[in-house]
Protein chains: 2
Amino acid sequence: MSEASVTAVEGNPPQVKRGEGVAYVYEILRNEIIELKLAPGSPIDETDLSQRFSMSRTPIREALVRLAAEGLISTLTNRTTIVSNIDFLQLGSFFDALTLMYRVTARLAAGNHSEADVAAIRAHQANFSRAVDERDVLAMIATNRDFHIAVAVAGRNKYYTDLFRRLLDEGRRILRLYYHSYDDNLPRQYVVEHEDMIAALIARDVEESDRLAVAHADQIVRQIRSYISADSRSASSLTL
Amino acid sequence: MSEASVTAVEGNPPQVKRGEGVAYVYEILRNEIIELKLAPGSPIDETDLSQRFSMSRTPIREALVRLAAEGLISTLTNRTTIVSNIDFLQLGSFFDALTLMYRVTARLAAGNHSEADVAAIRAHQANFSRAVDERDVLAMIATNRDFHIAVAVAGRNKYYTDLFRRLLDEGRRILRLYYHSYDDNLPRQYVVEHEDMIAALIARDVEESDRLAVAHADQIVRQIRSYISADSRSASSLTL
DNA sequence: AGTAGACTTCATGTCGACAAACAAAATGCA
DNA sequence: TGCATTTTGTTTGTCGACATGAAGTCTACT
């Protein structure tokens, strides 16, 4: 019923102290959900978690409430709570919002960024580039997300940054689902596109930043779409 | 220290049953925060609330966690939690995001709405119009928000609807702060603008819906800005 | 008198336990 | 044998209590 690797007691119960317990559990569970270590739809048992983290159920519960508020888990009243499913029917909405956030954050960043922002963005881009060099797909997904968050932060609009972060994390879940078919050419192209975006941003060229953001978003949407259709094609070939 | 009207025990402890307690407390507190019955910056005492709602502190706490996740309250670890302040420095970001959401939800609604959506939107518009007729400012603020949420729902993008809802509620808080100087002409104009928006939506005219949304947003932003500057002007006249 | 340090007070964070609600197994009846 | 009902079991929702950390108070010392 419960997978040993996930449910097992933490090797080093890292002695979190008063007031940090909830944040600790929240961070770990959040990562496990986004990285699909906890499969969508799988049930979450509070008692299990409380044993795993060597804590009472109370802080566990609060962490779960936070995750539920973010939409990462769904709680059925008086019944079990499960990891939220990836809603493929809403994929159109997702792409739409994602593209819009790419655009507005790029535009704002071009207008509002500071020196420090550029340094942060470049650091993340370096990490992303390294991940591509090392063909570390999981690291690519994570560092790519961090790069775009840094751009959003440079845009100085917390409402956009917030939504963008959620969208990008949801994107991480979807990409994890399909990363096995990752194309070797695309990552290189993403590195180049990121560099172009940085250049336009430094030049404070809002319109060019916007154009590049649209192109980048289209590229990513196309990539995910192709993964999904490839996936469904192989499935349908099985049934014939 | 604690205001009697807010801290007092609920007259009718409405016997909420298992599993509904948290949602009940959450809804009530949320409304009180948005309607400024709980002033920004004022401390929130868990023990007080637990007495007021005749519940243990546990469900109260979960409701507070949800509110904190939404940004409506800020919790200082090991110390008190307070109602979030209205951040006037971020007002520019707020207006920017608000305008964008007006636009995209109007566009999407024009493209995706169904008959039922139109009916719902019209109902909310009727409520808004009635509130204007009755010069009930508080009702106007609330029904106006509901009208735009209905439009967003018709747009069928939960990401936008979610962000929009939060922005509109934050707007309700700001308007409450300034509603004493509410202009008598503007509400009428809003009714007309809403009617125009509905017409464009039914005609599925995306571009016209967009134009109207921009105009509507500009109008509201201008209104809030004038309230604030009027307020600061009277304040500065005091200091001179 | 002013300041540093100990003490008191009190709200929060955490805990273990109990009770309700749901799901599934077991039982009884046609 | 098949279906309805009861019983059992498990997990969640709620409770009351304890421990911890922080703010304010009081005292003592320079």
Side-chain angles (χ1 to χ4, degrees), chain A residues 1-3 6-10 13-29 33 38-39 41-69 72-84, chain B residues 1-4 6-10 13-29 38-39 41-69 72-84:
Chain A
M1 185 67 78
S2 51
E3 303 171 25
V6 172
T7 321
V9 174
E10 296 281 289
Q15 271 313 356
V16 276
K17 59 167 175 283
R18 188 189 170 81
E20 296 176 3
V22 213
Y24 177 72
V25 174
Y26 168 79
E27 282 299 333
I28 293 199
L29 288 183
I33 292 172
L38 292 172
S42 64
I44 297 185
D45 188 300
E46 296 176 3
T47 313
D48 281 357
L49 289 178
S50 112
Q51 287 188 342
R52 172 181 165 196
F53 289 106
S54 320
M55 295 168 116
S56 157
R57 267 178 54 227
T58 312
I60 305 285
R61 224 145 184 294
E62 291 193 8
L64 292 183
V65 170
R66 285 181 61 179
L67 290 170
L72 289 174
I73 64 179
S74 311
T75 131
L76 297 316
T77 319
N78 276 325
R79 232 165 311 171
T80 186
T81 87
I82 60 170
V83 179
S84 291
Chain B
M1 186 64 80
S2 51
E3 303 172 26
V6 172
T7 321
V9 173
E10 296 281 288
Q15 272 313 354
V16 277
K17 60 167 175 283
R18 188 187 170 80
E20 296 176 3
V22 212
Y24 177 72
V25 174
Y26 168 80
E27 283 298 334
I28 292 200
L29 288 182
L38 291 172
S42 63
I44 297 185
D45 188 301
E46 296 177 3
T47 313
D48 281 358
L49 289 179
S50 111
Q51 288 189 341
R52 172 181 166 196
F53 290 105
S54 321
M55 295 170 118
S56 157
R57 268 178 53 228
T58 312
I60 305 284
R61 228 146 181 295
E62 291 193 8
L64 292 183
V65 170
R66 284 182 60 181
L67 290 169
L72 289 174
I73 64 179
S74 312
T75 131
L76 297 316
T77 320
N78 272 326
R79 232 165 312 169
T80 186
T81 87
I82 60 170
V83 179
S84 291

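Numbers restart at 1 for each chain; the letters A, B, ... are given by sequence-line order, proteins then strands.
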Protein and nucleotides 8-10 of chain C: nitrogen or oxygen contacts under 3.5 angstrom:
none

What is the distance, to the nearest angstrom, from the CD atom on B:E20 to the P atom on D:dT12? 18 Å
Do A:V25 and A:L49 touch side chain to side chain, with heavy atoms closer than 4.5 Å? no
Which part of the nucleic acid, if any, lies within reach of A:I44 when heavy atoms closer than 4.0 Å are counted: base, sugar-phosphate only, or nothing? sugar-phosphate
Partners of A:S84 by side-chain hydrogen bond (donor to acceptor under 3.5 Å, both in side chains), sequence neighbours excluded? A:S74
For a 4.5 angstrom cut-off between non-hydrogen side-chain atoms, does B:R52 reach B:I28? yes
B:E46 atom CD is separated from C:dA11 atom C1', nearest whole Å, by 8 Å
d(CD, B:E62; P, C:dT14) in whole Å: 13 Å
Set of side-chain hydrogen bond (donor to acceptor under 3.5 Å, both in side chains) partners for B:T80, sequence neighbours left out: none
Would you say D:dA19 has OP1 or OP2 under 4.0 Å from some side-chain N or O of A:R18? no
Report the residue (B:T77 or A:T75) whose heavy-atom-nearest nucleotide on DNA chain D is the more 5′ of the two. A:T75
What's the CG-C1' distance between B:L76 and D:dG21, to the nearest Å? 14 Å
Side-chain contact, heavy-atom cut-off 4.5 Å: A:L29 with A:L38? yes
Are B:L64 and B:I44 close enough that some pair of their side-chain heavy atoms sits under 4.5 Å apart? yes
Can you confirm whether B:Q51 sits close enough to B:I60 that some side-chain heavy atom of one is under 4.5 Å from a side-chain heavy atom of the other? no
For atom CG of A:L64 and atom P of D:dT11, their distance in whole Å: 15 Å
Once salt bridge (Lys or Arg N to Asp or Glu O under 4.0 Å) is applied, do any residues pair with B:R57, and if so which ones, sequence neighbours excluded? B:E46
Whole-Å distance between D:dG24 P and B:R79 CZ? 10 Å
With sequence neighbours excluded, residues passing side chain to side chain contact (heavy atoms under 4.5 Å, CB included) with B:T77: none
All N/O contacts under 3.5 Å from nucleotides 15-17 of chain C to the protein, with atom names and distances to one decimal?
{"residue": "C:dC15", "atom": "OP2", "partner": "A:S56", "partner atom": "N", "Å": "2.6"}
{"residue": "C:dC15", "atom": "N4", "partner": "A:T58", "partner atom": "OG1", "Å": "3.4"}

Measure from CG on A:N78 to C1' on C:dA19 and round the result to the nearest Å. 11 Å
